[in-house]
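Notes follow the structure.
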Amino acid sequence: MKIAIIGAGNLGLAIAKGILHSNGATTMYLTKRNTTDIQEYEKYGNVTVTSDNQKAVKNSDILIFAVQPGHLEKILEDVKGSLTENHVIISTITGFNIAKIEGILGAEHHIIRSMPNTAISVGKSMTCICANEKGKKKIDLAKAIFDRMGHSMEIPEEQMQAATVICASGIAFWMRLIRATTQGAIQLGFDAKEAQELAMHTCSGAASLLIESNSHPEAEIDKVTTPKGCTIEGLNEMEHQGLSSSLIRGIVTSFEKISQIKTKQL
Ligand SMILES: NC(=O)C1=CN([C@@H]2O[C@H](COP(=O)(O)OP(=O)(O)OC[C@H]3O[C@@H](n4cnc5c(N)ncnc54)[C@H](O)[C@@H]3O)[C@@H](O)[C@H]2O)C=CC1
Ligand SMILES: O=C(O)[C@@H]1CCC=N1
């Protein structure tokens with residue numbers, strides 16, 4: 001597989017690391033306007049770093065666009081002449097819909113819209129994808145690419161903004177929960193490093209229980225809450241303080257914001 005990542009910033013480099021981590025490409029082009037700080041990636045023999053997007057497109061089959069929304073239109077116009085009908089175009093751009101990409105490139109291209117998160121760098125991204133009519137023929141290929149770097153789900157395009165909040169912003173939400181647990185553990189006497197180790201592995205174990213046993217969170221909670229015990233006492237206090245409610249409200253607020261950004265920018 002010959003992959004180009006157009007826009008090697010935060011997300012683009014996270015994807016590049018995920019691809020390297022999973023041996024997911026035969027060759028990989030990484031592009032950026034100023035390539036100085038990504039030059040080191042050429043130490044991996046199959047990686048070419050360049051500011052020449054046309055060259056990256058001509059030498060690759062799968063094109064992953066990870067630039068800021070305001071830059072995409074011009075970049076697509078610039079590379080349009082180098083595209084063939086065999087290219088698979090994967091956009092990670094928030095809010096930039098398939099109709100708009102088709103408006104620039106034409107509907108005859110395989111166009112996939114994706115929403116990964118930064119955990120793609122360690123092969124653990126939850127990635128949502130959807131495709132245009134032509135791209136549906138390549139959706140299994142896109143799914144296979146993202147499944148090598150975590151877990152993927154095909155969703156209707158109307159749900160992409162909601163998926164962005166849950167999966168991409170979700171990394172920040174879960175980080176804050178892990179950080180808060182760490183602060184609690186420090187107050188109970190663990191040093192900071194130990195406290196984070198306890199918090200993150202407990203978080204990972206909780207998610208693994210659900211993924212591997214296919215069970216429901218409340219069923220797992222019932223197994224831990226001893227009657228009159230410490231768990232239910234703590235859990236009920238968290239709920240009295242609005243734990244579930246604040247999470248739900250934060251998610252809805254984030255969604256309201258992403259909906260406004262879409263209307264203003266695009
Ligand atoms: N950071 C995240 O967790 C997620 C971000 N996204 C989306 O991914 C996109 C990129 O986000 P970030 O990586 O955070 O942004 P970023 O600003 O870190 O990266 C964008 C990169 O594109 C480069 N660039 C600009 N013009 C270029 C050009 N003409 N040719 C080649 N490269 C060019 C910039 O130098 C920069 O390195 C955004 O549209 C964002 O909505 C999507 C999911 C998650
Ligand atoms: O915060 C944001 O708006 C973008 C979209 C998802 C992650 N970062």
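Worth saying up front: this structure is predicted, and the values here are computed from it rather than measured. Ligands are counted one by one from 1 in listed order, and the atoms in each one are counted from 1 as well.
By the side-chain hydrogen bond (donor to acceptor under 3.5 Å, both in side chains) test, Lys228 pairs with no residue at all, sequence neighbours left out.
At least one side-chain heavy atom of Ile258 sits less than 4.5 Å from a side-chain heavy atom of Thr94. Contact of the His21 side chain with the Met149 side chain is not registered, since no non-hydrogen atoms from C-beta on lie closer than 4.5 Å. With a 4.5 Å cut-off on side-chain heavy atoms, Arg179 and Thr182 count as touching.
The SG atom of Cys167 sits 10.0 Å away from atom NE2 of His151, with the distance rounded to the nearest 0.5 Å. Atom OG1 of residue Thr231 and atom CD of residue Glu233 lie 10.0 Å apart, to the nearest 0.5 angstrom.
For Glu40, the CD atom counts as densely surrounded, since its 6.0 Å shell holds more than 12 non-hydrogen atoms of other residues, nucleotides or ligands.
Summarising the hydrophobic clusters (Ile, Leu, Val, Met, Phe, Trp, Tyr; side-chain heavy atoms under 4.5 Å, direct or chained), the residues clustered with Met160 are Met115, Met126, Met153, Ile155.
The pair Lys134-Glu108 does not meet the salt-bridge criterion, since no charged nitrogen lies less than 4.0 angstrom from a carboxylate oxygen.
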Between ligand 1 and the protein, find all N/O pairs closer than 3.5 Å and give the distance for each.
| residue | atom | partner | partner atom | Å |
| --- | --- | --- | --- | --- |
| ligand 1 | 13 (O) | Asn10 | N | 3.2 |
| ligand 1 | 13 (O) | Leu11 | N | 2.7 |
| ligand 1 | 15 (O) | Gln68 | NE2 | 2.9 |
| ligand 1 | 17 (O) | Gln68 | NE2 | 2.9 |
| ligand 1 | 18 (O) | Asn10 | N | 2.9 |
| ligand 1 | 18 (O) | Asn10 | ND2 | 3.4 |
| ligand 1 | 26 (N) | Arg33 | NE | 3.4 |
| ligand 1 | 30 (N) | Asn53 | ND2 | 3.0 |
| ligand 1 | 39 (O) | Val67 | O | 2.8 |
| ligand 1 | 41 (O) | Thr94 | N | 3.4 |
| ligand 1 | 41 (O) | Thr94 | OG1 | 2.4 |

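Residues with a heavy atom under 4.0 Å from ligand 2: Thr94, Thr164, Ala168.
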